[in-house]
Amino acid sequence: MAYSDKVIDHYTNPKNVGTLDKSKTNVGTGLVGAPECGDVMRLQIEVDQESGLISDAKFKTFGCGSAIASSSLATEWLKGKTVDQALAIDNMDIVEELNLPPVKIHCSVLAEDAIKAAINDYRVKNGLAELETVAAAH
Amino acid sequence: MDPRVLEAMLPYFVEKFGNAASRNHSFGWVAEEAVDYAREQVAKLIGADAKEIIFTSGATEANNLALKGVFEMYASKGNHIITCTTEHKAVLDACKHIEKMGGQVTYLEVKSDGLIDLGELEKAITDKTVLISIMYGNNEIGVIQPVREISAIARKHGVLFFTDGTQAVGKVPVDVIADGIDLMSFSGHKMYGPKGVGVLYVRRKNPRVKVTAQMDGGGHERGMRSGTLNVPGIVGLGKACELCMNEMESEAKRLSAMRDRLEAALMQVEEAYVNGNREHRLPHTTNISFKYVEGEGLMMGFNKNIALSSGSACTSASLEPSYVLKALGLGDDLAHSSLRFGLGRFTTDEQIDFTINAITTSVLKLREMSPLWEMYKEGVDIDAIEWAHH
């Protein structure tokens, strides 16, 4: 199975690798996956509280090329969106954009989970209600 | 495949097309002679008699024939087989089948270095035990089991000893007499021969071993394996054995020196671990875990130029990491972080330099991207985190 050009590009030149200060109230952090499963993603968003837009997004991923590409793509898509718009990102959008084969769909699911977990962390820090999907997963 | 092997095979496709089982014309005789010659070449490499060589379609078939064939043939003596958890799937799955047919199978655990415990082996033998099946060299970590000690235990208890020699034959000296082997499988393509051809060695003296055929038909190969012989493949396998016989010693020296150099350089990388026993192992393999980096992601950095495999099976449907590494007691995380290296006749020093450089660069780059590496560096106890399993 060969990787798509887009996966190779994100793997070779990943966008937005890094760490935001998780102690800041306007930063939301999502950490999903497990080392035993071979995938761990940490995705962070920083929200500009005046405009309500996501001003920065960073990731770090332990996983295969498709997992790295999925999280890199997710950070690109997050920037400039409102938190509510970010919630609408669906894992199948990632599958289509990166041409992921069926065995790699779980990488896109993990990226969507990471986005939701980061948003949820941001909401909880700012006195908003927990997302239902995330609360249900606990 | 070695080009010298191809050269030996080529005449047997078109020019010398006869069926080795056709006894009444010269085309058949030419083919039969070629097969006989190859049988001698194969036998010589492992110290056997030509009559003890049964040609098959590969090691998988030979493993099935040995295990199921002995189980059926010796049913009146007992129904118990002893093997170990790090065997090749062709052995483990054949054993699972035997269990369904009413057999009893003991799967011995291995020690953390990948070797079996001889005391545990001897303890597992019962009056119903007919066969011990322990591989010679492991396909993932390269460790060589104490074959002579195993065969001595088997002898002492009147039990047959079968070994999957696929990784070892042609790489290290294997002698069925000195090693006390009763049955042994191996295949052509692991020793620079063609794919689709393999061997089951079946001892004829002290003791005379028999297996029940697993395919019914014309009674080829002394009645143990029916089916028209793959003449070009067999000729190629014979040639491959002859080349190994002549070149194995110098090749093993050359490969182990390169392997050691590769290993020493990669061990300079922080948090890198060699998996399996480093003293008792094949000269051309190593298996290394680079902690906090996932193996498949790591391979993607250089898989255009280097063919390796990983203990992480992210591409397989199961998502389970290597069962061999897990049997050594490695956590799933370290198994996911492993790379398996195999050097060969055509590996050069330049390729080793390239590999060292490519892997070192890739590991450092991926660790910059790894949340686990960041946590490790910050002193976070990763094992204490409650991970959501998906």
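Note on naming: letters A, B, ... go to the chains in the order of the sequence lines (proteins, then strands), and numbering restarts at 1 for each one.
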Participant: Within this structure, what is the CD-OH distance for the pair B:E296 and A:Y3, rounded to the nearest 0.5 Å?
Facilitator: 3.5 Å
Participant: Determine yes or no for a side-chain-to-main-chain donor-acceptor pair under 3.5 angstrom, with B:E294 supplying the side chain and A:C64 the backbone.
Facilitator: yes
Participant: So B:Y292 and A:V40, side chain to side chain contact (heavy atoms under 4.5 Å, CB included) or not? Walk me through it.
Facilitator: CA-CA 10 Å; B:Y292 313 114; A:V40 176; over 6 Å; no
Participant: So which heavy atom on A:K60 is nearest to which on B:E374, and how close?
Facilitator: NZ-OE1, 2.9 Å
Participant: Identify the two heavy atoms, one from A:Y11 and one from B:G301, that lie closest to each other, and give their separation to 0.1 Å.
Facilitator: OH-N, 3.1 Å
Participant: Check each atom of B:L334 against the heavy atoms of chain A and say whether the ones under 4.5 Å are side chain, backbone, both or neither.
Facilitator: neither
Participant: Which one, B:P371, B:G331, B:S370, B:G297, leads in non-hydrogen pairs under 4.5 Å with chain A?
Facilitator: B:P371
Participant: Apply side chain to side chain contact (heavy atoms under 4.5 Å, CB included) to the pair A:V7 and B:M300, showing each step before the final yes or no.
Facilitator: CA-CA 10 Å; A:V7 169; B:M300 197 175 154; 3.8 Å; yes
Participant: With a cut-off of 6.0 Å (strictly less than), are more than 12 heavy atoms of other residues, nucleotides or ligands near NZ of B:K195?
Facilitator: no
Participant: For A:D5, look at atom CG and say whether over 12 heavy atoms of other residues, nucleotides or ligands are found less than 6.0 Å away.
Facilitator: no
Participant: Among the options A:T19, A:V17, A:T61, pick out the one with the most heavy-atom pairs lying under 4.5 Å from chain B.
Facilitator: A:T61
Participant: What pair of heavy atoms forms the shortest contact from B:W387 to A:A34, and how long is it?
Facilitator: CB-CB, 3.5 Å
Participant: Measuring from A:T12:OG1 to B:K365:NZ, what's the distance to the nearest 0.5 Å?
Facilitator: 5.5 Å
